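Just so it is clear, the structure is predicted and the values come from calculations on it, not from any experiment.
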Amino acid sequence: MKKTPALIAAAAVSSIALTACSASDSGAGASGDASDASLTVATAFYPLQFVAEQVGGDLVEVVSMTPAGVEPHDVELSPSTVRQLGTADLALYLSDFQPAVDDAISTTGVEALDAAEAVELHAAEEHADEDEHADEEDDHDHGSSDPHFWLDPELLAHYADAVGEAFAAADPDNADTYTANAEALHASLDDLDTQYTDGLAQCERDTIVTGHEAFGYLADAYGLHQEGIAGLDPESEPSPARILEIKDIIAETGATTIFTEDAVSASVAEALATDVGVETTVLSPVETVADGDDYIAVMTRNLSTLEDALGCE
């Protein structure tokens with residue numbers, strides 16, 4: 001079993017006590033019928049929304065704090081969204097990723113499950129009996145800033161387990177349903193992980209040149225090496241020195257592709273690709289999805305994109 005990378009920030013390891021509350025009927029963008037919902041859950045951005053919808057099913061009204069198609073890093077919350085958050089039974093968020101969401105959760109006092117803490121705890125439980133667990137953080141530390149844990153399906157599976165437990169604690173009458181749904185989602189994510197492991201096992205190249213450094217978890221999970229033109233901030237401009245470094249990396253590794261993103265300007269990457277004679281193609285960080293899409297579909301397309309670009313058998 002591959003080792004689990006450490007998540008952003010040193011998350012506290014105390015568990016969150018969740019209490020059952022009556023469901024609210026408010027909430028545009030909900031995934032189910034509010035009149036039938038046992039819980040109202042506010043989610044900070046898409047991957048957390050996806051898990052909430054899969055685990056909650058018709059029992060949970062899911063309200064997203066980040067509108068579809070909006071890049072979540074810099075989202076600002078309207079007063080009505082903050083009020084809606086305050087009436088939710090539970091909020092799902094990722095600490096230190098969206099300052100406006102962190103502030104709103106603190107202001108409203110809503111019960112909240114931090115994905116960083118939840119994944120860390122569940123990953124630790126799974127690996128507690130393995131000898132390598134003691135060295136896990138040293139081997140796979142992304143530091144305190146890379147938030148994209150969901151690009152490793154195994155980590156999102158751990159998160160699904162945590163959400164199932166949180167929903168069960170908040171709504172004990174339906175605990176068995178939440179647990180079963182979480183187990184089914186975990187199994188689907190295990191299947192996706194296997195597809196990635198097999199698909200990227202034998203490739204001509206293992207370096208991915210990306211517009212910005214959003215793919216560290218994915219790279220660590222499947223034996224790839226990420227080189228970002230810009231850093232973790234998708235809006236940052238690379239220095240001339242970094243551009244020269246990327247040109248050298250492309251020449252040394254034989255990279256044929258620079259990976260851009262669907263919700264971030266690709267102008268720098270496209271200019272660089274033209275300059276060095278390589279292609280650009282979209283590799284989604286799955287922070288948001290188009291209507292009719294979902295996490296599994298986008299990640300499956302990502303795998304096909306990687307296999308083509310890296311010359312995988």
Side-chain angles (χ1 to χ4, degrees), residues 7-8 27-32 41-56 60-78 80-82 84-85 88 91-102 104-105 113-116 119 145-153 155-156 159-160 163 185 188-189 192 210-218 228 230-236 259-267 269 280-306:
L7 287 177
I8 64 166
S31 64
V41 176
T43 59
F45 60 101
Y46 175 71
L48 311 189
Q49 175 188 340
F50 170 75
V51 171
E53 290 171 345
Q54 297 299 308
V55 173
V60 174
E61 178 190 4
V62 179
V63 180
S64 177
M65 289 180 268
T66 300
V70 173
E71 214 285 335
H73 293 81
D74 301 318
V75 70
E76 297 294 337
L77 304 184
S78 68
S80 62
T81 300
V82 175
Q84 194 173 41
L85 171 64
L92 305 181
Y93 79 115
L94 179 62
S95 59
D96 300 324
F97 180 49
Q98 297 171 292
V101 173
D102 289 357
I105 286 174
L113 180 67
D114 180 359
V119 177
S145 51
D146 184 359
H148 302 87
F149 76 89
W150 59 89
L151 293 178
D152 179 345
L155 290 184
L156 196 64
Y159 180 65
V163 170
L185 178 55
S188 294
L189 293 169
L192 181 64
T210 61
H212 91 285
E213 295 175 354
F215 301 93
Y217 282 100
L218 186 151
L232 282 160
D233 181 356
E235 304 301 328
S236 65
F259 296 102
T260 60
E261 297 178 27
D262 35 17
V264 176
S265 172
S267 58
T280 62
T281 192
V282 170
L283 187 68
S284 176
V286 206
E287 293 175 352
T288 184
V289 298
D291 288 344
D293 244 337
D294 69 8
Y295 172 87
I296 298 291
V298 177
M299 285 292 286
T300 300
R301 287 202 301 274
N302 276 352
L303 174 57
S304 179
T305 297
L306 287 166

Between Leu192 and Thr300, does the side-chain contact (heavy atoms from CB on, under 4.5 Å) criterion hold? Intermediate values first, please. CA-CA 8 Å; Leu192 181 64; Thr300 300; 4.0 Å; yes
Reported OG-to-CD distance for the pair Ser265 and Glu71, which is rounded to 0.5 angstrom: 12.0 Å
Residues two or more places apart in sequence or in another chain: which of them pass side-chain hydrogen bond (donor to acceptor under 3.5 Å, both in side chains) with Thr66? Gln98
Heavy-atom side-chain contact between Leu94 and Asp114 under 4.5 Å: yes
If you apply the rule side-chain contact (heavy atoms from CB on, under 4.5 Å), what do you find for Thr280 with Phe259, and how did you get there? CA-CA 6 Å; Thr280 62; Phe259 296 102; over 6 Å; no
By side-chain hydrogen bond (donor to acceptor under 3.5 Å, both in side chains) - contacts of Ser78 (at least two apart): Ser80, Thr81
The side chain to side chain contact (heavy atoms under 4.5 Å, CB included) partners of Gln54 (sequence neighbours excluded) come to Phe50, Leu185
Residues two or more places apart in sequence or in another chain: which of them pass salt bridge (charged side-chain N to carboxylate O under 4.0 Å, His left out) with Asp294? none
Between Leu85 and Ala104, which heavy-atom pair has the shortest distance, and what is it? CD2-CB, 3.6 Å
Considering non-hydrogen atoms only, spot the tightest contact between Leu92 and Ala52 and give its length. CD1-CB, 3.8 Å
Looking at Ala44 and Val101, what are the two nearest heavy atoms and their distance? CB-CG1, 4.0 Å
Decide yes or no on side-chain contact (heavy atoms from CB on, under 4.5 Å) for Trp150 and Met299, but give the supporting numbers first. CA-CA 10 Å; Trp150 59 89; Met299 285 292 286; over 6 Å; no
I'd like to check Val282 versus Thr305 (side-chain heavy atoms, cut-off strictly below 4.5 Å). Are they in contact? no
Those residues at least two apart in sequence (or on a different chain) that pass side-chain hydrogen bond (donor to acceptor under 3.5 Å, both in side chains) with Asp262 are Ser284
Looking at Ala115 and Leu48, what are the two nearest heavy atoms and their distance? CB-CD2, 4.3 Å
Which residues pass the side chain to side chain contact (heavy atoms under 4.5 Å, CB included) test with Pro99, not counting sequence neighbours? none
Which heavy atom in Phe215 sits nearest to a heavy atom in Leu283, and how many Å separate them? CZ-O, 3.2 Å
What class does the angle between the rings of His73 and His148 fall in, given that below 30° is parallel, 30 to 60° is tilted and above 60° is perpendicular? tilted
Working note: Phe97 + Phe45, criterion ring-ring contact (aromatic ring centres under 6.0 Å, His included); need CA distance, chi angles, decisive distance, verdict. CA-CA 10 Å; Phe97 180 49; Phe45 60 101; 4.9 Å; yes
Has Tyr46 got a side-chain atom pairing as donor or acceptor with Tyr295's backbone, closer than 3.5 angstrom? yes
Member of Leu189, Thr43, Leu156 meeting the side chain to side chain contact (heavy atoms under 4.5 Å, CB included) criterion with Val51: Leu156
Between Asp102 and Ser95 (side chain of the first, backbone of the second, donor and acceptor by atom type, cut-off under 3.5 Å), is there such a pair? no
Asn302 vs Val286, test: side-chain contact (heavy atoms from CB on, under 4.5 Å). Steps then yes/no. CA-CA 9 Å; Asn302 276 352; Val286 206; 4.1 Å; yes
Are any non-hydrogen side-chain atoms of Met65 and Gln84 less than 4.5 angstrom apart? no
